[in-house]
Amino acid sequence: MMRSLLRLLCLISILIFAGVVLAQGDEDTVPYIQLSAFNTPLLEGWENQSEDDFAQFHYAEAHATIRSALVEIGDPVAAARSDLRRAFGIELGEAIYQDKVNLADGTWNVLVYEPDAVASASVMARRAGSQSVVISFVESDPEARILMLTIAQSGDAREDAAAEIDLALSLLASNKPADLVETSALALPSGEWTRAGGAGAVGMGMVFGNDSFLAIGEGETGNLPKLADAYNRTVLGFFITPDNAGYLALALTASFAILALLILSFFWRSRNIQKDLELIESLNQAGD
Amino acid sequence: MTTKTKVMPTRQTVEATPMPRALQLLTIVTLVGFCFTLALGLFVAGTDIQQGEIQRIFYIHMPSFFGAFTAFGLTVVGGILYLWRKNEQWDRIAGAGVEVGLAFALINLVTGAIWARPIWNTWWTWDPRLTSAAIMALTYAAYLMLRAGIEDEARKRTFMSVYGIFAFTSVLVTLFIIRVVPETIHPVIVGASPQNAQGSFEATSGVVMALVPSLLLWLTLMPITLIWHRSRIEGRLEAVNRLKLQILSE
């Protein structure tokens, strides 16, 4: 009897295991780097300089670095300044572009700095409790000027970011081309990008939700797609693992309480049966 | 002509029913298995980086539903066999199945609601899966109330057997609804999730390693052990009630 039961259990376990394994989806997965405080996509082909409290990837050919950090300062702008000073020794000065956009995970400050003639720093920063998330793109390529920014689309959401590319080039390009030509649509891992430009300056844009994620480049812009894709994958893929251990404790307590009530009710009922028996016994004795 | 004599229970027959060795063994294995699978889910399986620690409740939430499935399934088996054989033992198993299954269904509902709070930002939503699970629990709660309310024993057993068989449709609806109603936000772990699902996660090898033992325990050992204990108590209770009637009639 017991042997048959054991065989049945083994068979059921094998069937369940096989079923779950076979039914696993083979969806594409994004490689992530998991740090103690947050998670960010792993940029393959970039030199990983991450440590436990920040993620940092460097692309030597473009003199570019993408860095994500959780800074112990509540003001996102001050946090960005502090983080870039600590990481790169850069004093940011005044931003050449500053705006705010509302994404799914909060309101982000969009900041663009040019601390000196060669370097630029494009930053997305938002408040996270008493801390701030800072995601920065820093480049110091003497042959190129690359800036990243996000602009909320005005009016009805559109499928391409041509209008925002035009706006970004107007605001930030040293020499905005007189005639912008939308040259191509690019499919990159971060999404579908529109590329437009002219003599001297190029812009790329990707629509995600109601916002356009943009990159503009001047000079040698061959690396622009790779840099734009990597930075925006980082911005869109960054997330903090929520601290919800309290809910787990509550759910476990509730589960144990229900099981305990069921099992205690067995004991109570057994005890009541015993009491009834004793009562019957005493009635019997009284009758005798 | 044959005559049947109904054997009335005595105090000795009610008391002298030691726990069978198989049930003792089953109880110990179930307890050890419960602790083992809990440890797997809480300490061995990795933390889901998107959902955080609350994802670990999945190792109880999903198996508890399947535990309820087994328990309510035994109610169907008990009901059919009672109607066929008219043996009270089967009715006791059917009744015990509902009590144990309802406890498991409540665990499933409560853990789901607590999981939903941080993941869906709400304790409850009238999603097809949640609604059908709630209806299932209410259907079986009504079973217990009806069972307690019918005094005629033979009528009660027959009626509850039929009820228990038909009530199982609510379990099947709950099980399959997320695979046929695309508007659900409830994730599907085995197979592709619906388009609107929120809070899905991939069944990685770590998840599978923690899930399978837990699923196995809740699907088999836990409902069988608890139903066995409960039906034994019910058997003793019925014997005591008969003893009371016997004394009163003397």
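These numbers were taken from a predicted model, which means no experiment stands behind them. Protein chains get the first letters and strands the later ones, always in sequence-line order, with residue 1 at the start of each. The analysis underlying the following values was restricted to heavy atoms, covering all of them including side chains, and did not include hydrogens, waters or symmetry mates.
Contact count versus chain A (heavy atoms, under 4.5 Å) is highest, among L38(B), V110(B), V100(B), for L38(B). Per-residue counts of heavy-atom pairs under 4.5 Å with chain A were compared for M222(B), E53(B), H61(B), R230(B); the largest is that of R230(B). Among T111(B), I233(B), L106(B), the residue making the largest number of heavy-atom pairs under 4.5 Å with chain A is I233(B). In terms of heavy-atom pairs under 4.5 Å with chain B, the best-connected choice from F38(A), F256(A), Y32(A) is F256(A).
For chain A, the nearby parts of E99(B) are the backbone and the side chain; heavy atoms of each come within less than 4.5 Å. In this structure, the portion of F34(B) lying under 4.5 Å from any heavy atom of chain A is its side chain and not its backbone. Looking at N244(A), both its backbone and its side chain come within 4.5 Å of chain B, counting heavy atoms on both sides. Proximity to chain A involves both the backbone and the side chain of I54(B), based on heavy atoms less than 4.5 angstrom apart. Both the backbone and the side chain of L226(B) come within contact range of chain A, judged by heavy atoms closer than 4.5 Å. Proximity to chain B is limited to the side chain of F239(A), based on heavy atoms less than 4.5 angstrom apart. Within the 4.5 angstrom heavy-atom criterion, atoms from both the backbone and the side chain of L252(A) approach chain B. Only the side chain of I263(A) comes within contact range of chain B, with at least one heavy atom under 4.5 Å from a heavy atom of that chain. At a 4.5 Å heavy-atom cutoff, the contact between I247(B) and chain A is made by side-chain atoms alone.
Two rings, from F104(B) and F65(B), have their centers 6.0 Å or more apart. Aromatic pair F66(B)/W218(B): centroids not less than 6.0 angstrom apart.
Using a 4.0 Å cut-off between charged side-chain N and carboxylate O, E238(B) and R92(B) make a salt bridge. Residues R236(B) and D276(A) are not paired through a salt bridge, judged by the lack of any N-O separation under 4.0 Å between the basic side chain and the carboxylate.
Between Q131(A) and I73(A), the closest side-chain pair of non-hydrogen atoms is not below 4.5 Å. With a 4.5 Å cut-off on side-chain heavy atoms, L102(B) and Y143(B) do not count as touching.
Side-chain N or O atoms of R129(B) include none that pairs as donor or acceptor with a backbone N or O of H186(B) at under 3.5 Å. In this structure a side-chain-to-backbone donor-acceptor pair under 3.5 Å is missing from S132(A) to V71(A).
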Legend entry - Working for salt bridge (charged side-chain N to carboxylate O under 4.0 Å, His left out), residues R242(B) and E88(B): CA-CA 13 Å; R242(B) 284 200 200 106; E88(B) 291 163 7; 2.6 Å; yes
